[in-house]
Structures are given as C-alpha cells and as structure tokens.
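FYI, the numbering just counts along the sequence from 1. In what follows, every heavy atom counts, from backbone to side chain, and hydrogens, waters and symmetry copies are set aside. Both ligands and their constituent atoms are indexed starting at 1 by order of listing.
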Amino acid sequence: MRRWFALLVLIPLLTACPKQGASELRIYNWSDYMPEDVIRDFEQREKVKIVLDTYDDPEAMISKLEAGGDSEYDLIIVSDYLIGQLARKGTILELDKSKIPNFANLGPEFADPAYDPQSKHSVVYQWGTTGLAYREDLVKGPVDSWAVLFDPAKSVGPFLLLTEMREQMGAALRYLGESVNSTDPAALEKVKNLLIDAKRRSRGFAGGTDAVQQLLGGNAAVVVAYSGDAFRAMEENPKVKYVIPKEGATRWTDSLAILSKSPRAELAYKFINYLLEPEVAAKVSNGIGYGTPVPAAMPMIEAKDDPVIYPPAEVQAKLEFLADLEEGLNAFNAVWAEVKAR
Ligand code: N2P
C-alpha cells in the first residue's frame, strides 16, 4: 500500500520535469532556415526527436549561449564571422572529421574557409548574400544603391533596417566606399551618424524573416534582406525583387558547430553528416532558397541558374566576407549601442 502511494506521488513529478532524453537533438538555428521534411526524415531514420529553437539576431544568440544556453543545445548554425570567437572561448568542439565521412562532399572553396582553417570547428551549411529586397509596385524610384536607406534625397519609400549588426553596419560602410570590415574610427563615426538618421526615417529594425514578411504585407517598400529569404518572397509575389547594391555587399556562409557541453555530440555528428548527403543538401537548398556548398547536389537544385541565389561573376566581384574582427568588434558594438539608444 505504501509503495503504491509513493508511485502515485512520483509519477506526476517525473512527467512534470521535461527530461532531455538521449534520443533528442537540440538545435539552435536562424529562423526559417531548415525545411521541415529534412528534420522529419532524420527523426524517422534515427528514431530520435529534434527540438528546434530559432533566432534572428546572431548577437542575441551569442548572449543566450553565454548566459547558459550553451548547455541547452547540441548543435548551432551560426554566421561565419562568429565561429572564431566561439572556438577561442571553447564554446564549440574541435570536430573529429572521422565522424563526418560526408565532409568529403563539401566543395573545396567551403572545406577550408579563411575564418576556420580546415573547418576545424565548423562545417558550412549554406551560403548567401545580403542585399536589398523591394516591391517594384511600391517603390518611387530606382533601387540600385544603399542610398535608398542612407540618402533622404534618394529614398524610394518606407524601409526597414536589418537586425544583424555586422550586416547593417557593413551596408553603411560599403555605402561610404569602405570595407565592411573597416574599424577606422572616422569611418565608424560616419556610419553612426548615417544609421542614426536612417533609423529615424525608417520603419524600424527587422530580422531576415520578419523583413520579407513586412515587405510582402506592404508595410515596407524596401528592406535589407538575405538572398534566400528574398528568393522565397519572390516566389510568393513576383513583384518582389532582390538586388546587390552597386557599392557592393556581403557574401557569407552559415556553419554547423557542436557545443562543447553537448552530451549528444555523437547524434550531432550524425546530423551534420546527414546534411552533407547530396540528396539531403539539395532538399535543404530547394526548401530555403540558399546556396549549397555540396557540388554533387547541384544537378538536383531547382534554382541553380537563378542569379538571386547563385550570383554571376560580375556581381560576386562586388561581394565581401564579414571578417572575425576580434578586438575590433568593440568599436562596432559601441557604435551600434549608440544607434540603438537614439
Ligand atoms: C534565414 C536567415 C539567413 C541567414 N532566415 C543569414 N546569414
């Protein structure tokens, strides 16, 4: 009788605390950045459950990891320029490539990236660009320059700025004719003034997914957007266009990394390996509209000739990667804090 009573007390207690099972893979990813069927297929294949949390602001995602989130997830998908900082702090694992045989499927330009030589800590997931998406039925003039944000005389209608600090400050730097990675104090002072003024005239800041939703909804005529999000918005409304401004913009990769505190690293390795299967890689890129780093997937890519996802050489020549600025990042943070406070 007593034992029976103890069970009655225990059962609700056990079900009340959500236990993180060994068969659960917890992923922290950008929003709208992994097709549902790619997740479900892996769950079925491995008889596991995937728990997915999403973010739109990489700096906020880093803060969450630093505040203890690094033990809440197994796998993260994160911007190239943040890999170095996470590796230096020991937040992400040095990868054992013997557990990722499909690593050999990565194109050579992705296997040994400058921000993470020999892919020691990360594996490229997707690549893309950041430019301007606009509604040709709503803009009042040409959209070919970052001036539509930064020069009131060239404004074409209501616009949104991007939540991602490095991208938004990079756009202002390119508008000024500087590198997106410049830490020159005079240039950053100008960037600060440009952004304070643009913020005042804008409809606010938005993350990538939110920005294209607001564009589709007509709340903005032009937004700073990531190529794949823009591509999918164009499929919904052909009046949406995407352009790399003439001053230039960024090209980036997002990479997979395993958190050092993950107790399910083995499962995370399996997932990374799965994403590098050509059929799966094709499914990912066909689903979210970004570039694949797996050449063997290319024949299966529906939009392989679309210049929004795979820009032609003359556009590529205007693109720059965001670098890991290490100490230089402090100057960016200071400017951004002032812009946000004004
Ligand atoms: C997807 C966000 C794309 C990632 N909504 C930008 N690096």
Side-chain angles (χ1 to χ4, degrees), residues 27-36 38-39 52-62 64-65 75-86 92 110 113-116 122-133 160-171 174 180-181 205-217 220 223-236 240 242 244-245 248-257 275 281 283-293 303 306 308-311 316 319-325 332:
I27 304 177
Y28 198 17
N29 190 7
W30 289 93
S31 64
D32 276 346
Y33 208 37
M34 193 171 288
E36 204 44 42
V38 168
I39 293 177
L52 179 69
D53 274 352
T54 60
Y55 65 88
D56 275 305
D57 178 1
E59 304 294 334
M61 123 35 127
I62 295 284
K64 183 168 176 184
L65 291 183
L75 190 73
I76 54 173
I77 295 172
V78 67
S79 306
D80 40 17
Y81 62 86
L82 291 169
I83 294 292
Q85 136 182 8
L86 291 167
I92 54 176
F110 297 102
Y115 59 86
D116 184 24
S122 66
V123 172
V124 174
Y125 171 63
Q126 294 278 276
W127 68 271
T129 62
T130 304
L132 291 168
L160 293 167
L161 298 168
L162 192 65
T163 306
E164 187 175 2
M165 173 182 81
R166 289 293 307 278
E167 288 287 2
Q168 188 56 72
M169 287 184 64
R174 288 302 293 228
V180 293
N181 299 310
F205 291 84
T209 303
D210 182 23
V212 292
Q213 284 311 320
Q214 293 202 51
L215 187 67
L216 287 168
V223 302
V224 182
Y226 305 119
S227 49
D229 294 0
F231 179 80
R232 293 201 318 277
M234 291 164 74
E235 289 186 321
E236 261 183 68
V240 172
Y242 178 76
I244 296 295
T250 59
R251 175 180 170 172
W252 44 260
T253 67
D254 281 307
S255 287
L256 298 139
L275 292 174
K283 232 187 225 182
V284 170
S285 289
N286 285 334
I288 61 176
Y290 287 95
T292 182
D306 195 294
V308 170
I309 308 179
Y310 299 98
Q316 296 232 21
L319 301 173
E320 197 185 355
F321 277 94
L322 291 165
D324 175 2
L325 297 174
F332 273 65

* To do: Indicate whether any N or O donor in one side chain lies under 3.5 Å from an N or O acceptor in the other, for D57 and T163.
  => no
* Asked: Without hydrogens or angle criteria, can the side chains of W252 and T130 be said to hold a donor-acceptor pair below 3.5 Å?
  -> yes
Where ligand 1 meets [X] - atom numbers and elements under 4.0 angstrom, heavy-atom basis:
X: T209; value: 5 (N)
X: D254; value: 4 (C), 6 (C), 7 (N)
X: S31; value: 1 (C), 5 (N)

With only distance considered, is [X] within less than 3.5 Å of ligand 1 through an N or O on each side?
X: Y33; answer: no
X: E164; answer: no
X: Y290; answer: no

* Are P311 and L319 close enough that some pair of their side-chain heavy atoms sits under 4.5 Å apart? -> yes
* Asked: Under 30°, 30 to 60°, or over 60°: which ring-plane class applies to Y290 and Y33, parallel, tilted or perpendicular?
  -> perpendicular
* Report the relative orientation of the aromatic rings in Y310 and W127; use parallel for angles under 30°, tilted for 30 to 60°, perpendicular for over 60°. => perpendicular
